[in-house]
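To start, the structure under review is shown below, and the notes come after it.
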Amino acid sequence: MAGEAMKLVANNKKAYHDYFVEEKYEAGIVLHGTEVKSLRMGKCSIKEAFIRIENGEVFAYGMHVSPYEKGNIFNKDPLRVKKLLLHRQEINKLTGKIAEKGYTLVPLQVYFSNGRAKVEIGLAKGKKLYDKRQDIARKDQRREAEKEMKMRIRG
């Protein structure tokens, strides 16, 4: 991604908490005019979103793009299903992986790359409760270590 402008619109931190993200893919989003304007203003949420592959096409469900204030009759349903654009071989590869036990597709972030709306998709495996607890414990340990380092530097 060197040399190209990337403007982050929405980030899904919850995905990294709930899943082990193994592979990442970049997909285009099929949007209507007012949705693009709303995205440019940063009015998007992907916290509750998920992705499905149906009949060889990829769709994002639950991706909330707020209606554009000046859009009136041209505004679409904020939770409408959005089609994602991927290459055929990527879709076939993802379909094969999802057929395996425990894999799912989650949106990781929405951003603009060279003026085009993109979504980063993660091929993820669900975490068990004890995995989440281990992650939280690891973060707490790192936070404590950083706090002690600051105390040593000041003291």
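- Side-chain contact check for L108 versus V21: some heavy-atom pair is nearer than 4.5 Å.
- K125 NZ: more than 12 foreign heavy atoms inside a 6.0 Å radius.
- By the neighbour-count criterion of 12 heavy atoms within 6.0 Å, atom CD of E90 is densely surrounded, having more than that number from other residues, nucleotides or ligands.
- Using a 4.5 Å heavy-atom cutoff, the side chains of I121 and L86 are in contact.
- Residues Y111 and E26 bring a donor and an acceptor atom of their side chains to less than 3.5 Å of each other.
- Between P107 and I46, the shortest heavy-atom distance links the atoms O-CD1, 4.0 Å.
- Considering NZ of K37 and CE of M41, their distance stands at 10.5 Å, rounded to 0.5 Å.
- With respect to E22 and K97, no salt bridge is recorded, no charged nitrogen being found less than 4.0 Å from a carboxylate O.
- By the 4.5 Å heavy-atom criterion applied to side chains, C44 and H64 are not counted as neighbours.
- N12 places no side-chain N or O within 3.5 Å of a backbone atom of Q109 that could act as its donor or acceptor partner.
- The only member of K83, K82, R88 that meets salt bridge (charged side-chain N to carboxylate O under 4.0 Å, His left out) when paired with E57 is K83.
- Put simply, OH on Y103 and CD on E23 are 7.5 Å apart, with the number rounded to the nearest 0.5 Å.
- Inter-residue side-chain proximity for K118 and F112 is flagged as unmet; no heavy-atom pair is nearer than 4.5 Å.
- Rounded to the nearest 0.5 Å, atoms CZ (R142) and NZ (K139) are 7.5 Å apart.
- Rounded to the nearest 0.5 Å, atoms NZ (K47) and CG (N11) are 8.0 Å apart.
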List the steps, then state whether side chain to side chain contact (heavy atoms under 4.5 Å, CB included) holds for I51 with V58. CA-CA 7 Å; I51 294 168; V58 185; 3.5 Å; yes

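- The side-chain heavy atoms of K43 and L39, taken from C-beta on, include no pair separated by under 4.5 Å.
- Looking at M63 and I29, their side chains come closer than 4.5 Å, going by heavy atoms from C-beta outward.
- Considering only heavy atoms from C-beta on, V30 stays 4.5 Å or farther from L84 through its side chain.
- Note: the hydrophobic cluster containing Y25 does not contain F59 (ILVMFWY, side chain heavy atoms under 4.5 Å, direct or indirect links).
- By the criterion of side-chain heavy atoms lying less than 4.5 angstrom apart, applied directly or through intervening Ile, Leu, Val, Met, Phe, Trp or Tyr residues, I91 is not grouped with F50; the two fall into different hydrophobic clusters.
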